[in-house]
Amino acid sequence: MARSLAGQVALITGASSGIGWELGRQLALQGCPVGLVARREQPLRELQQIITQAGGTSAVAVADVAERHQIENAVQQIREQLGPVDLVFANAGVGKTTQIHPVNVAEVEQVIRTNLLGVIYTLSAALPEMLTRGTGRLIGISSLAGYRGLPGESAYCASKAAVNSYLDGLRIQLRDSGVRVTTICPGFITTPMTANMNFHLPGLMTAEKAVQRMIRAVKAGTKVYSFPWHVHMMVKFSRWMPDRVMARIMRDKAMAPNPVTPPSPT
């Protein structure tokens with residue numbers, strides 16, 4: 001049975017745009033005091049104003065999740081302003097094309113630090129207090145890209161696959177603690193990451209619709225929620241495709257030495 005989230009303090013990283021912005025807006029409308037965390041303060045303040053005008057409660061903290069001390073300070077700031085955090089949405093992420101000529105190691109490192117270590121830093125900053133209280137929910141926003149390595153997206157796919165594995169283990173480890181873990185793997189969402197992609201994105205949905213589904217999954221206590229289902233099935237099926245078939249399907253991506261935009265699901 002779905003439970004109301006009203007009154008629960010929700011902390012959201014990557015709240016300055018896309019999924020994070022919409023999570024903040026919708027959770028506030030449902031009665032959650034929301035802690036908005038991102039690198040850019042101005043968009044957070046704009047969202048805070050929208051929430052205030054709608055009668056909601058929010059707090060802002062500026063932090064780069066790839067920097068452990070920054071996200072730890074941000075979680076503390078939100079706690080001081082709103083109270084103990086009940087829900088943590090580790091949402092912040094970046095997408096960078098994995099190049100082969102030249103190899104863009106610095107950008108690969110950025111993807112891994114933000115998408116994987118950023119999730120670990122965020123959840124770890126909130127976990128001790130949740131364990132003390134014996135309650136709370138940790139939510140990692142991963143991606144269907146974590147189910148299959150794709151040419152040109154090796155770093156992004158690897159970061160999301162690692163997030164999935166990390167959350168799987170954490171969920172089992174915390175099963176008797178009162179703290180619950182949810183992994184959410186969306187497909188293509190209309191966000192700044194997908195805005196300039198000039199090719200077909202199967203199952204593309206708006207951030208508003210995607211966030212509605214995510215919140216329902218959290219309310220229902222779902223362990224792992226992958227959507228939309230038909231894209232999920234496509235990705236799982238592709239794991240059994242011969243490499244030559246995948247290479248043919250994604251020929252332009254695989255052959256391009258320096259592609260312009262990443263086609264990864266958000």
Side-chain angles (χ1 to χ4, degrees), residues 2-94 114 118-119 121-130 133 135-141 179-182 184 186 189-193 206-219 266:
R3 300 177 180 178
S4 172
L5 301 180
Q8 297 190 45
V9 175
L11 183 146
I12 306 149
T13 64
S16 60
S17 65
I19 291 173
W21 172 287
E22 189 62 24
L23 275 167
R25 188 186 72 83
Q26 290 195 33
L27 287 168
L29 288 174
Q30 296 202 20
C32 290
V34 291
L36 309 172
V37 181
R39 291 176 297 174
R40 297 176 297 153
E41 183 174 6
Q42 184 57 36
L44 296 180
R45 295 297 179 187
E46 293 171 0
L47 176 55
Q48 185 177 42
Q49 184 176 7
I50 291 172
I51 290 171
T52 300
Q53 291 173 347
T57 302
S58 64
V60 166
V62 177
D64 182 349
V65 299
E67 300 296 332
R68 182 178 176 182
H69 70 281
Q70 290 189 27
I71 187 59
E72 289 176 343
N73 289 339
V75 171
Q76 180 61 29
Q77 290 176 46
I78 297 302
R79 184 185 296 116
E80 291 172 352
Q81 295 179 68
L82 300 179
V85 176
D86 302 293
L87 307 166
V88 178
F89 289 82
N91 165 73
V94 296
T114 301
V119 168
Y121 294 158
T122 300
L123 301 185
S124 298
L127 180 57
E129 185 179 64
M130 288 184 174
R133 296 168 60 210
T135 184
R137 182 168 289 274
L138 306 175
I139 303 105
I141 308 301
V179 180
R180 300 292 177 255
V181 177
T182 294
I184 298 180
I189 312 299
T190 303
T191 66
M193 191 181 292
T206 64
E208 180 179 9
K209 184 176 180 181
V211 167
Q212 288 172 354
R213 293 191 178 196
M214 293 178 186
I215 292 176
R216 284 200 300 268
V218 172
K219 286 181 175 180
T266 270

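It should be emphasised that the depicted structure is a prediction, and the values quoted were computed from it without experimental measurement.
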Quick one: closest heavy-atom pair of [X] and [Y], and the distance?
X   : Y   : answer
A61 : Q77 : CB-OE1, 3.8 Å
A15 : I12 : CB-O, 3.7 Å
Q70 : A63 : O-CB, 3.5 Å
L36 : I78 : N-CD1, 4.1 Å
S16 : L44 : N-CD2, 3.7 Å
A10 : L27 : CB-CD1, 4.0 Å

Reported [atom1]-to-[atom2] distance for the pair [X] and [Y], which is rounded to 0.5 angstrom:
X    : Y    : atom1 : atom2 : answer
R180 : T135 : CZ    : OG1   : 8.5 Å
I51  : T57  : CD1   : OG1   : 9.0 Å
R133 : D86  : CZ    : CG    : 4.5 Å
F89  : L23  : CZ    : CG    : 5.5 Å
T114 : R39  : OG1   : CZ    : 6.5 Å
L47  : T52  : CG    : OG1   : 9.0 Å

Is any side-chain heavy atom of [X] closer than 4.5 Å to a side-chain heavy atom of [Y]?
X    : Y    : answer
Q26  : E208 : yes
M130 : L138 : yes
I19  : V211 : yes

Candidate pair E129 and V75, rule side-chain contact (heavy atoms from CB on, under 4.5 Å), full reasoning: CA-CA 11 Å; E129 185 179 64; V75 171; over 6 Å; no
Please answer whether the main-chain N or O of [Y] pairs with a side-chain N or O of [X] as donor and acceptor at a distance below 3.5 Å.
X    : Y    : answer
Q30  : S4   : no
E41  : V62  : no
S58  : V34  : no
T182 : V218 : no

Let's go through E80 and Q76 carefully: what are the C-alpha distance in whole Å and the side-chain angles of both, what is the deciding distance for side chain to side chain donor-acceptor pair (under 3.5 Å) to 0.1 Å, and is it a yes or a no? CA-CA 6 Å; E80 291 172 352; Q76 180 61 29; 3.0 Å; yes
Go through I215 and K219 one step at a time and tell me if the side-chain contact (heavy atoms from CB on, under 4.5 Å) criterion holds. CA-CA 6 Å; I215 292 176; K219 286 181 175 180; 3.9 Å; yes
Answer yes or no: does atom CZ of R68 have more than 12 heavy-atom neighbours from other residues, nucleotides or ligands under 6.0 Å?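 Open.
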Decide yes or no on side-chain contact (heavy atoms from CB on, under 4.5 Å) for L29 and R25, but give the supporting numbers first. CA-CA 6 Å; L29 288 174; R25 188 186 72 83; 3.4 Å; yes
Whether the R45 and Q42 side chains hold a donor-acceptor pair (N or O, under 3.5 Å, no angle test) is what I'd like checked.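 Their side chains do not contain a donor-acceptor pair, so the 3.5 Å distance test is not met.
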